[in-house]
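One structure below.
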There are 2 protein chains.
Amino acid sequence: MTTDRLSATFAALADPTRRAILARLALGETSVTELAEPFQMSLPAVSKHLKVLERAGLIARGREAQWRPCRLEAAPLQDIAGWVEEYRRFWEGSFDRLDAYLQTIQKGEGNDTSN
Amino acid sequence: MTTDRLSATFAALADPTRRAILARLALGETSVTELAEPFQMSLPAVSKHLKVLERAGLIARGREAQWRPCRLEAAPLQDIAGWVEEYRRFWEGSFDRLDAYLQTIQKGEGNDTSN
DNA sequence: AGTGTACTTAACCTTTAAGTTAATTAAATG
DNA sequence: CATTTAATTAACTTAAAGGTTAAGTACACT
């Protein structure tokens with residue numbers, strides 16, 4: 001996995017435990033122990049998941065006595081939203097027109113449509 | 001990685017090569033060889049990426065003589081769009097209100113906010 | 001039937017991911 | 001100052017991801 005931001009974000013979101021953690025954090029900042037509570041895995045495992053989320057910029061962590069409260073960070077989610085919006089035309093009307101148009105281009109000239 | 005659909009989709013999208021393939025397919029259906037052309041990796045490597053995309057439902061493959069044309073499938077992308085939309089309130093106005101409200105709930109009662 | 005083209009499968013290697021238990025750090029509290 | 005609570009780090013295991021080369025399959029063409 002390359003470490004560009006989009007890749008890191010998608011990779012972080014590919015795990016259901018991590019998505020559940022984000023969903024919990026959507027309800028507000030909380031501690032690691034409380035985040036771990038719903039899961040059957042060990043605390044170190046959750047700690048690792050949090051590190052993945054942090055490296056992807058999806059959460060930020062504070063310090064409050066012996067607790068390390070986590071909170072959701074929106075920026076990478078905005079990136080995802082922006083990325084996927086680019087594909088919206090595919091499930092909306094403009095798809096067919098665009099597709100038909102570019103099919104022509106493709107077959108008309110060479111395969112110069114790299115990247 | 002669990003094989004629920006969202007996880008498979010996010011995992012598939014976590015690779016920049018695969019995202020580039022999808023971007024190319026947004027320009028229209030094309031062959032494996034043409035898809036592979038922009039990349040420095042071997043054809044089998046691309047073939048594997050296509051299999052990942054196919055298993056995630058992000059592409060479908062046809063048969064035309066010795067070619068196996070690939071085309072983009074929108075459904076899993078719609079799932080992603082739907083998922084991320086749930087978090088939109090975080091980077092829009094309602095965040096602060098929601099956050100404040102749920103902070104109160106949390107501290108008021110126990111940690112019954114599992115999952 | 002034999003050859004070229006398009007692609008996949010097989011076998012393998014190396015790196016990373018996700019989990020474990022045990023040990024460690026850090027702060028609060030008796 | 002010893003103990004409890006909160007969380008991380010270390011060391012390790014297993015499995016999966018992503019790449020390679022070499023071999024195999026499928027169809028088209030002469």
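Straight-line distance from the CG atom of B:Leu35 to the P atom of C:dA6: 13 Å, rounded to whole Å. Between the CZ atom of A:Phe10 and the P atom of C:dA17 there is a distance of 17 Å, rounded to whole Å. In this structure, B:Arg63 atom CZ and D:dA26 atom C1' are separated by 6 Å, rounded to whole Å. Taking atom CG of A:Asp15 as the reference point, atom C1' of C:dT16 lies 14 Å away to the nearest angstrom. Atom pair B:Arg55:CZ and D:dG18:C1' shows a separation of 16 Å (rounding to whole Å applied). The distance from atom CD1 of B:Ile21 to atom P of D:dG18 is 11 Å, rounded to the nearest whole Å. In this structure, B:Glu37 atom CD and C:dA6 atom C1' are separated by 15 Å, rounded to whole Å.
Identified under the ring-ring contact (aromatic ring centres under 6.0 Å, His included) test for residues 54-73 of chain A, with sequence neighbours left out: none. For residues 40-49 of chain A, the set of pairs meeting the side chain to side chain donor-acceptor pair (under 3.5 Å) definition, not counting sequence neighbours, comprises A:Arg18-A:His49. Listed by first and then second residue, the salt bridge (Lys or Arg N to Asp or Glu O under 4.0 Å) pairs involving residues 77-87 of chain B are B:Arg5-B:Asp79, B:Glu85-B:Arg88 (not counting sequence neighbours).
Taking 4.0 angstrom as the limit, B:His49 places none of its side-chain polar atoms (N or O) nearer than this to OP1 or OP2 of D:dA17.
Using a 4.5 Å heavy-atom threshold, the side chains of A:Leu77 and B:Phe90 count as separate.
Every residue two or more places apart in sequence or in another chain that forms a side chain to side chain donor-acceptor pair (under 3.5 Å) with B:Arg19 is listed here: A:Asp4, A:Ser7. In terms of the ring pair (Phe, Tyr, Trp, His ring centres under 6.0 Å) criterion, residue partners of A:Trp83 (sequence neighbours excluded) are, by chain and number, A:Phe10, A:Tyr87.
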Under 3.5 Å between N/O atoms: give me all the protein pairs with nucleotides 4-11 of chain D, atom names plus distance.
{"from": "D:dA6", "atom 1": "O3'", "to": "A:Gln66", "atom 2": "O", "distance (Å)": "3.4"}
{"from": "D:dA7", "atom 1": "OP1", "to": "A:Val32", "atom 2": "N", "distance (Å)": "3.2"}
{"from": "D:dA7", "atom 1": "OP1", "to": "A:Arg68", "atom 2": "N", "distance (Å)": "3.4"}
{"from": "D:dA7", "atom 1": "OP2", "to": "A:Thr33", "atom 2": "N", "distance (Å)": "2.7"}
{"from": "D:dA7", "atom 1": "OP2", "to": "A:Thr33", "atom 2": "OG1", "distance (Å)": "2.1"}
{"from": "D:dT8", "atom 1": "OP1", "to": "A:Arg61", "atom 2": "NH2", "distance (Å)": "2.5"}
{"from": "D:dT8", "atom 1": "OP2", "to": "A:Ser47", "atom 2": "OG", "distance (Å)": "2.4"}
{"from": "D:dT8", "atom 1": "O5'", "to": "A:Ser47", "atom 2": "OG", "distance (Å)": "3.3"}
{"from": "D:dT9", "atom 1": "OP2", "to": "A:Lys51", "atom 2": "NZ", "distance (Å)": "2.8"}

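Ranking D:dC27, C:dT20, C:dA18 by closeness to the A:Ser42 side chain, first place goes to C:dT20.
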